[in-house]
Amino acid sequence: MPKPTIVLLHPGEMGAAIGACLRSRDFRALWVEQGRSGATRKRAEAAGLEPRETLADALAVAELVLSVCPPHAALDLAHAVAKQNFRGIYVDANAIAPATTREVGRIVSGAGAAFVDGGIIGPPPTAPGQTRLYVCGEAREKIAALFAGTNVQAVELDGEIGAASALKMAYAAWTKGSAALIAAVRALAQTEGVDGNLVEEWQLSQPQLVKESEAVRGKVRKAWRWVAEMEEIAASFAAAGLPDGFHLAAAEIYQRLATFKDSAAPPALDEVTAALREPQTPTSPWRGEVGERPRPRAGRG
């Protein structure tokens, strides 16, 4: 049986590493050049992905689409693929709420595609045993089989569409939500002049928190894309009848740290906390590259 041709939209750090895993199994993997940056091109070339000028060019020869993009772009990307009447398998592996995932599924299924819900947990898969792709949906076995023997461990879930996304939301609600909280805690302590005392107490009673607060420095370069992820998590909590305010606050924290986007080196912790204390304007927050549509804030109900 011939191997399927896969379109990977779009090769950021995670997507490019996943594409490299697919190429390691000799799958033909494509990416779309139109509207993408020079950094994206370099990542795609390093991963061995074949360029196509437009989305229509790529979809014309593909049997499978793998969407790995910033969460705020997931719906727009699904609409763009559906407009091309794509009838293969569409895998959404983005950090989005179960309700958003189901909407993506309705969009692409309406155009004739099969839909698989995916959730990635772990860093870009450059080494084995660190990264898992949870998948659910009727075609989940086919998707899991693509990654056999690669750095991506594919895990099939028996739940309905939305289960993989729900698992990702619950996981990231803690890992990325707690990182936002601990950054704000250090900013508060510095504002009140007790940061040194707080760190001394942590060293006595909760030494892991000292390491976790320092680790924030290495995470802030991705804060810009975690804004929408926190909003999707908030929407997940609200849909479950749970308070959503914590992760809406985390979204605001990451919005204040968006200035560190793709920093070449981790900023000092004092720079991070200073950015958190900067007065904020009520204008609409920026979500990504020029031309990308901001997602609305998650609300109750």
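- Between Leu146 and Leu66 there is no side-chain heavy-atom pair separated by less than 4.5 Å.
- For the pair Ile253 and Ala184, the tightest heavy-atom approach, listed with the atom from each and the gap, is CD1-CB, 3.8 Å.
- A ring-ring contact (aromatic ring centres under 6.0 Å, His included) with Tyr254 holds for exactly one of Trp226, Phe260, Trp224; it is Trp226.
- Under the rule for a salt bridge (charged side-chain N to carboxylate O under 4.0 Å, His left out), the partners of Arg106 that lie at least two apart in sequence or sit in another chain are Glu103.
- No more than 12 heavy atoms of other residues, nucleotides or ligands sit less than 6.0 Å from atom CD of Glu141.
- Residues Leu167 and Met169 fall into different hydrophobic clusters, defined by Ile, Leu, Val, Met, Phe, Trp and Tyr side chains chained together at heavy-atom separations under 4.5 Å.
- Counting heavy atoms from C-beta outward, Thr150 and Pro125 have side chains that stay 4.5 Å or more apart.
- The pair Asp158-Arg140 counts as a salt bridge, with a side-chain nitrogen and a carboxylate oxygen less than 4.0 angstrom apart.
- The side chain to side chain donor-acceptor pair (under 3.5 Å) test applied to Ser263 returns no partner, not counting sequence neighbours.
- Contact annotation: the side chain of Tyr90 approaches that of Leu77 to within less than 4.5 Å [non-hydrogen atoms, C-beta and beyond].
- Pairing each heavy atom of Tyr134 with each of Ala164, the nearest pair is O-CB, 3.4 Å.
- Residues Ala187 and Leu276 share a closest heavy-atom pair of CB-CD1, 4.1 Å.
- Residues Leu22 and Phe147 meet the side-chain proximity criterion, which asks for heavy atoms closer than 4.5 Å.
- Of all non-hydrogen atoms in Pro128 and Asn151, the two that sit nearest each other are N-OD1, 3.3 Å.
- Checked against side chain to side chain donor-acceptor pair (under 3.5 Å), Thr273 has the following partners two or more places apart in sequence or in another chain: Gln190.
- Scanning both residues, Ala93 and Leu133, for their nearest heavy atoms gives CB-CD1, 4.2 Å.
- Other residues, nucleotides and ligands place no more than 12 heavy atoms under 6.0 Å from the CD atom of Glu53.
- Pairs engaging residues 17-32 under the side-chain hydrogen bond (donor to acceptor under 3.5 Å, both in side chains) rule: Arg28-Glu50 [sequence neighbours left out].
- Pairs engaging residues 162-177 under the side-chain hydrogen bond (donor to acceptor under 3.5 Å, both in side chains) rule: Thr101-Ser165, Asp117-Ser165, Lys176-Glu229 [sequence neighbours left out].
- Closest heavy-atom contact between Ala62 and Val7: CB-CG2, 3.3 Å.
- Taking Glu33 as the reference, Arg41 meet the salt bridge (charged side-chain N to carboxylate O under 4.0 Å, His left out) condition, with sequence neighbours excluded.
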Item to complete: Output, in order, the C-alpha distance, side-chain angles, deciding distance and verdict of side chain to side chain contact (heavy atoms under 4.5 Å, CB included) for Val104 and Phe115.
Response: CA-CA 9 Å; Val104 170; Phe115 181 65; 3.7 Å; yes
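- Leu188 is listed as a side-chain neighbour of Glu192, based on a closest heavy-atom distance under 4.5 Å.
- The only option from Val194, Val199, Asp195 that meets the side chain to side chain contact (heavy atoms under 4.5 Å, CB included) definition with Asn197 turns out to be Val194.
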